Structures are given as structure tokens and as C-alpha cells.
Amino acid sequence: GIQVEQSPPDLILQEGANSTLRCNFSDSVNNLQWFHQNPWGQLINLFYIPSGTKQNGRLSATTVATERYSLLYISSSQTTDSGVYFCAVLFGNEKLTFGTGTRLTIIP
Amino acid sequence: KAGVTQTPRYLIKTRGQQVTLSCSPISGHRSVSWYQQTPGQGLQFLFEYFSETQRNKGNFPGRFSGRQFSNSRSEMNVSTLELGDSALYLCASRQGFSNEQFFGPGTRLTVL
């Protein structure tokens with residue numbers, strides 16, 4: 001099956017810093033999504049981005065489908081950005097396959 | 001539009017019991033998928049239902065089953081609970097193929 005790898009697994013930053021999270025996948029995909037898992041466990045949709053670049057406030061994402069990777073950028077980090085970030089891909093008509101996540105900790 | 005809702009939010013059961021979890025998708029969404037999240041295995045796909053038919057199934061034992069009703073609401077059932085079934089169970093809905101999936105708040109199941 002398709003493999004999804006995220007890096008780094010853990011990231012600790014000072015408030016105000018910028019960060020880049022990476023997601024590599026092993027095959028062509030129909031859908032790629034980025035999520036932020038809140039402390040209560042809910043997956044919050046950040047981006048639906050099978051290709052191209054999108055921006056939403058301090059967050060932006062880029063997916064280069066031909067090279068099989070996606071990047072999530074967080075600028076001017078805030079403590080509320082802390083949590084686990086997942087990318088997930090949909091290959092064909094099959095299940096959404098998740099990466100193992102990046103745990104981001106923002107220190108005040 | 002209301003988001004995906006799941007009930008109950010928390011559940012405590014003992015080994016050997018069975019449990020039923022419920023998921024109501026976003027209005028107009030006909031596909032419902034279920035995922036299990038554990039610290040050791042991460043997020044794993046259980047099954048997907050579309051128009052009352054199971055479309056895909058993950059690699060879980062037959063104790064895990066599900067169904068979807070004509071109003072797109074879905075239930076999943078776990079019989080003969082084991083300690084290892086303790087997990088966060090997440091439900092997601094989407095309109096159809098290759099569309100954005102939206103997740104509910106999850107049901108946290110603890111098996112004692």
C-alpha cells in the first residue's frame with residue numbers, strides 16, 4: 001500500500017518562529033489533506049491540497065504531486081499552534097492513509 | 001452547516017462486552033468512514049460506507065462491523081471487546097470520490 005512519511009517527528013520552537021513540516025508519499029494521489037489534531041482529539045481540516053499552493057492566514061501549504069511531497073508552513077508561531085499535525089493521502093478510491101504526524105510544541 | 005457529530009463522546013466498557021458508536025455526517029455527504037487511533041498504531045482505517053454499502057474495509061478482525069442507514073448516518077459495532085480496542089474512534093464524511101474529508105470529534109473508548 002501507499003506509504004506516507006512525515007518529518008520531523010517532533011519540533012520545539014519559540015513563539016514567533018516559523019516552521020516547515022514535510023510529508024512524503026510513495027505514489028500518485030488523488031487527494032492530500034493536512035490536519036491539526038486538537039487536545040481533545042478532533043482532526044481539524046487545514047488544507048485540501050492535492051497539488052499547488054494555498055494560504056490561510058499564517059498557514060500555507062504546497063504540494064508538488066510530481067515529486068510526491070507536500071509542505072506545511074506555519075509563520076509567526078503561537079502557543080495555540082501546538083499539537084500534532086497530520087498529512088493524509090487518498091490513493092485511487094481507497095482509504096485515507098495517514099502519516100505518523102509531527103508533534104509541534106511552541107514555547108512562550 | 002453542522003459538522004460531523006459522534007455519540008457518545010466517551011465510553012467505558014469491560015472486556016467481553018460489545019459497543020455501538022454512532023456518526024452523523026455533514027448534511028448532503030453520502031460517504032462515512034471510520035478510523036481507529038491508538039498510540040502504538042496511529043490512525044488506521046476501519047471501513048467506509050457509501051449509500052448504505054460498505055465500499056472499503058481495513059485490516060481489522062470481524063469483531064468490528066458497521067452499517068449505514070438511508071439518511072447516511074452510520075454506526076460501528078465492536079463485539080467481544082478486548083483491552084487493545086481502547087482507542088479514539090473517529091468518523092469522517094465526504095460527498096463522494098476524491099473529495100475533502102471532514103472529521104467528527106471522536107469517541108474515546110476505554111476497555112477495562
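Protein chains get the first letters and strands the later ones, always in sequence-line order, with residue 1 at the start of each. Remember, predicted model here, so these are calculated numbers, not experimental data.
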Atom CZ of B:Arg63: over 12 foreign heavy atoms under 6.0 Å:
yes
If hydrophobic clusters are built by linking Ile, Leu, Val, Met, Phe, Trp and Tyr wherever their side-chain heavy atoms come under 4.5 Å apart, do A:Tyr73 and A:Trp34 end up in the same one?
no
How far does CH2 of A:Trp40 sit from CZ of B:Arg108, to the nearest 0.5 angstrom?
12.0 Å
Please tell me if the side chains of B:Leu88 and A:Gln42 come closer than 4.5 Å, counting only heavy atoms from C-beta onward.
no
Quick one: CD on B:Gln101 to CG on A:Leu90, what's the gap to the nearest 0.5 Å?
6.5 Å
Is A:Leu96 close to B:Phe103 at the side-chain level, that is, under 4.5 Å between some pair of heavy atoms?
yes
Which atoms of B:Phe47 come close to chain A, meaning under 4.5 Å heavy atom to heavy atom: side chain ones, backbone ones, both, or neither?
neither
Do other residues, nucleotides or ligands put more than 12 heavy atoms under 6.0 Å from the CG atom of B:Asn59?
no
Given the rule that I, L, V, M, F, W and Y join up when any side-chain heavy atoms are under 4.5 Å apart, are A:Val64 and A:Leu71 in one cluster?
yes
Residue A:Arg103 excluded, over 12 heavy atoms near CZ under 6.0 Å:
no
Side chains of B:Glu100 and A:Asn31: does their closest heavy-atom pair fall under 4.5 Å?
no
Are B:Phe45 and A:Phe98 an aromatic pair by the rule of ring centers under 6.0 Å?
no
Chain A: which of B:Gly106, B:Pro105, B:Ser33 shares the most heavy-atom pairs with it under 4.5 Å?
B:Pro105
Count I, L, V, M, F, W, Y as connected when their side-chain heavy atoms are under 4.5 Å apart, and connections chain through other members. Are B:Val78 and B:Tyr49 then in the same cluster?
yes
Side chains of B:Gln37 and A:Gln37: does their closest heavy-atom pair fall under 4.5 Å?
yes
Check the hydrophobic clustering (I, L, V, M, F, W, Y; side-chain heavy atoms under 4.5 Å; chains of links allowed) and say if A:Leu13 and A:Leu21 are grouped together.
yes
